[in-house]
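Counting starts at 1 for both ligands and their atoms, in listed order.
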Amino acid sequence: MTDSLISSAYSQALEVIASVEPRIAEATRQELADQRGSLKLIASENYASPAVLMTMGTWFSDKYAEGTVGHRFYAGCQNVDTVESLAAEHARELFGAPYAYVQPHSGIDANLVAFWSILANKVESPYLEKLQAKNVNELSEADWETLRHEFGNQRLLGMSLDAGGHLTHGFRPNISGKMFHQQQYGTDPETGLLDYDAVAAKAREFKPLVLVAGYSAYPRRVNFAKMREIADEVGAVLMVDMAHFAGLVAGKVFTGEENPVPYAHLTTTTTHKSLRGPRGGMVLAQEEFAADVDRGCPMVLGGPLSHVMAAKAVAFAEARTPDFQAYAQRIADNAKSLADGFLTRGANLVTGGTDNHIVLLDVSSFGLTGRQAESALLDAGVVTNRNSVPADPNGAWYTSGIRLGTPALTTRGFGHDEFDTVAELIVDVLSNTEAGTTKAGGPSKASYVLGDGVADRVTKQSAEMLDKHPLYPGLVLS
Ligand code: DSN
């Protein structure tokens, strides 16, 4: 029954779209076919449920609702209030957080809201008091200049991009690396693992206002109790970006000191990665930051995406089920199978393995850059993304690594044996790819030559697994 409802709803929706712009309907059909027919191993992607996807396609998209529940800058927000309250309530319960702000449109927005609330809460300035008291007109140009200086002169310590941190954790070219004086901590050069003593030493020396923990390419768990100890010792605010592993927190795979929510002053996340919700962001906060986070819109954000907040509520309702907990555990188990599959075939993994959802494969032993490896794999229907490895000699564009993640294929039902086969197929492609040359005949970091017949061989083996675990199995488009 549900399958036929979903099939007919999407078939009819595509007819409606085609009547206005057939090329968009066609691209939408093609995207489903492409996703169904490839091995999706991008660690930050997943497949949301039809209920989550459908919730995003409604007239809530048409409503402006700047402000917060009950305090909007627009009339007629009673239904948006219902949606936002429910999404926040589900999020608080799911993560055991005192406060949840579900308006951010993306992860970077969530981090900007968190930065704003830390500055607004912690920077001691008489000018800021005036601003918060809404006596904005009392501020002279000189006052504004002082305020800008005070806000713009704070320190942030985050994990470096090549060690697995994120752009928004103080990477120089990102706004976070410009709005703060920043320093970065890395990982141990021998093991690739976080060295808490080294982080603490750096924090003691640098005395940041904000200590950022969390990662987008670090294949290991983090002890957030230790990170909080470091923050407390130097008087910093601990902000954890759990965008990548929120599903593992919600699914109770990361518990105790591996669960950031009780330890962080502010925890930010996206909702579409391992959490398997709609594309969006969220901030969880301890009470002392709630009022400042609540002013994220309009201080930092534009009007909330009410249709996406509704879909967040649906996704959080899904994530509190035993089924989701079992799914989250399978994500971690499957990552281990994938890592073991590489190790038994002699490949190099950053940190030598994984205990989360990420496997970071160093492709330099194959004589390739990450860019060459990514392209050759794509030719064989394996969708990945190139990624820096610590102290990467090829920089952030060409890189020396391939980042792989298990959330998406785990959603399709792939298990231990299939992930071992995925490792075998990837090693097959990379062992049979050679670095190419530039037009002038020199060594190239981008061009590559994939051996004859490899793509066909790998695609055929993938198809057997993909057919066994179809994406949206009941969805048939007419
Ligand atoms: N784009 C996300 C990722 O791939 O990790 C983070 O911004």
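Within 4.0 Å of ligand 1, contacts by protein heavy atoms are made from Ser44, His166, Ser216, His244, Lys273, Arg403.
A donor-acceptor pair is defined here as one N or O able to donate and one able to accept, closer than 3.5 Å; no such pair exists between the side chain of Gln35 and the backbone of Leu32.
Distance check: Asp292 CG to Met299 CE gives 10.0 Å after rounding to the nearest 0.5 Å.
Under the side-chain contact (heavy atoms from CB on, under 4.5 Å) criterion, Leu430 pairs with Leu361, Val363, Phe366, Leu368, Ala373, Leu377, Ile426, sequence neighbours left out.
Using a 4.0 Å cut-off between charged nitrogen and carboxylate oxygen, Lys336 and Asp340 do not count as a salt-bridge pair. Ion pair Arg345/Glu424 flagged as a salt bridge, since at least one NZ, NE, NH1 or NH2 atom sits closer than 4.0 Å to an Asp/Glu carboxylate oxygen. Salt bridge Glu288/Lys122: present, at least one basic N to carboxylate O contact under 4.0 Å.
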